[in-house]
Amino acid sequence: MYQTISTTLTDEILIITINRPDKMNALNQQVMAELALAVDEVYKRKEIRSAIITGSGEKAFVAGADIAEFLTLSAEQGAELAKKGHTIFQRIEECPKPIIAAVNGFALGGGCELAMACHFRMASNNAKFGQPEVNLGLIPGYGGTQRLSLLVGKGRAMELMMTGDMISAEDALSIGLVNHVTEKEALLDKAKEILKKIHSKAPLAVARVIKCVHAALDKDVDGFATEINEFAACFATKDLQEGAEAFVQKRQARFTGE
Ligand code: COA
């Protein structure tokens with residue numbers, strides 16, 4: 001069904017692999033359209049509890065938007081491109097099921113932005129991160145100026161985006177851009193291990209955590225009010241009943257997401 005990405009469902013985790021290794025998995029319009037469809041699957045299919053986004057091949061997660069597509073764009077077309085990208089990445093960010101990036105190589109430009117739209121990131125020790133758009137006379141256009149500032153702070157974001165420098169996985173770890181660094185071969189297993197742990201928790205509560213954390217970072221939203229509402233809504237769920245009962249009865253909770 002897909003031509004530029006591939007998807008595999010394993011242990012209720014949809015692994016979405018960007019699959020243009022000869023072009024460093026660059027995000028052309030077809031990849032973006034197919035990625036949007038795969039993300040729709042994560043929203044809609046009950047048998048999918050979470051997702052991992054990764055890249056195919058030995059070298060790249062995603063080396064950016066497809067630069068070849070930039071050559072003939074007008075400012076209006078540039079706006080359209082950015083809006084489309086924003087819509088897709090926002091849908092990843094707002095997904096009520098966890099979506100994590102397993103960064104297996106270069107995550108540059110739109111690739112770094114894709115990773116940042118995910119709920120959190122892990123990287124293999126050969127990964128490299130950067131926003132090199134200034135080298136092209138451009139700036140990040142898929143949310144990078146905003147998400148990078150939120151994730152690593154103003155000073156570091158400014159330097160990374162003004163110099164276009166690439167940083168190593170270890171440096172990305174030290175500034176909070178990624179949560180874990182693994183050997184290359186261990187990356188997907190570590191990502192799956194974390195997601196399986198999350199699967200054992202109450203799904204509606206996990207979804208509410210995602211919503212509240214985003215509310216904390218959204219200047220148009222009262223994050224504290226969001227937390228009160230989401231906390232209160234937990235009391236109307238079977239999962240809270242089950243979780244509390246299981247604790248009292250000293251047994252493992254069996255959550256149903258109701
Ligand atoms: N868009 C389109 N094509 C890209 C691409 C991108 N963002 N990144 C890499 N490619 C293509 C190259 O053009 C090349 O294609 P070709 O074999 O048909 O010539 C192929 O992928 C391999 O890339 P190459 O540059 O030969 O590999 P490398 O190992 O020497 O360098 C990178 C790897 C990632 C450092 C380098 O490709 C690069 O700098 N890419 C652009 C990164 C960027 O600026 N991203 C932001 C875009 S807004």
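In what follows, residues are counted from 1 in the order of the sequence shown. Atoms within each ligand, like the ligands themselves, are counted from 1 in listed order.
- Using a 30° and 60° split on the angle between ring planes, H214 and H119 fall in the tilted class, from 30° to 60°.
- Distances between N or O atoms of I67 and those of ligand 1 include at least one value under 3.5 Å.
- Inclusion of A65 in the set of residues having an N or O under 3.5 Å from an N or O of ligand 1 is warranted.
- Of all atoms in ligand 1, listed by their number and element, those nearer than 4.0 Å to a heavy atom of D66 are 1 (N), 2 (C).
- For atom 7 (N) of ligand 1, a protein non-hydrogen atom is found at a distance below 4.0 Å.
- Annotation: the span from I167 atom CD1 to L177 atom CG amounts to 5.5 Å, rounded to 0.5 Å.
- The two residues D239 and T256 make their nearest non-hydrogen contact at OD1-N, 2.9 Å.
- The proximity of D22 to ligand 1, defined as any non-hydrogen pair under 4.0 Å, is limited to the backbone.
- In this structure, atom 48 (S) of ligand 1 has a protein heavy-atom contact shorter than 4.0 Å.
- Checking atom 2 (C) of ligand 1 against the protein gives a heavy-atom contact under 4.0 Å.
- Proximity of a side-chain donor or acceptor of N25 to a complementary backbone N or O of A63 within less than 3.5 Å is not detected.
- In terms of heavy-atom proximity, F61 sits nearest to A101 at CZ-CB, 4.3 Å.
- Contact annotation for atom 29 (O) of ligand 1: protein present (non-hydrogen atoms, distance under 4.0 Å).
- Nearest to atom 44 (O) of ligand 1 among the protein's heavy atoms is P132 CG, 3.5 Å.
- More than 12 heavy atoms of other residues, nucleotides or ligands sit less than 6.0 Å from atom NZ of K184.
- Per-atom contact check: atom 13 (O) of ligand 1 does not touch the protein, criterion being a heavy-atom distance below 4.0 Å.
- Atom 42 (C) of ligand 1 is approached by the protein to below 4.0 angstrom, counting heavy atoms only.
- Among protein heavy atoms, atom 33 (C) of ligand 1 sits closest to F106 CE1, 3.8 Å.
- Heavy-atom neighbours of Q29 CD from other residues, nucleotides or ligands within 6.0 Å: above the threshold of 12.
- When only interatomic distances are considered, the shortest N/O to N/O separation between K23 and ligand 1 falls below 3.5 Å.
- The nearest protein heavy atom to atom 36 (C) of ligand 1 is not closer than 4.0 Å.
- For ligand 1, the atoms lying closer than 4.0 Å to a non-hydrogen atom of F70 are 48 (S).
- Residue E69 places no heavy atom under 4.0 Å from ligand 1.
- Using a 4.0 Å cut-off between heavy atoms, A63 contacts ligand 1 through both its backbone and its side chain.
- Annotation: side chain to side chain donor-acceptor pair (under 3.5 Å) contacts of Q90 (sequence neighbours excluded): E94.
- Rounding to the nearest 0.5 angstrom, the gap separating the NZ atom in K211 from the CD atom in E230 is 4.0 Å.
- With respect to atom 9 (C) of ligand 1, the closest heavy atom belonging to the protein is M24 CG, 3.5 Å.
- In this structure, E113 contributes its side chain and G144 its backbone to a donor-acceptor pair below 3.5 Å.
- Applying the side chain to side chain donor-acceptor pair (under 3.5 Å) test between S50 and each of H199, K196, E12 identifies H199 as the sole match.
- Among residues at least two apart or in separate chains, ring-ring contact (aromatic ring centres under 6.0 Å, His included) pairs with a member in residues 226-258 are F231-F235.
- Atom 39 (O) of ligand 1 has L108 CD1, 4.5 Å as its closest protein atom, hydrogens excluded (heavy atom only).
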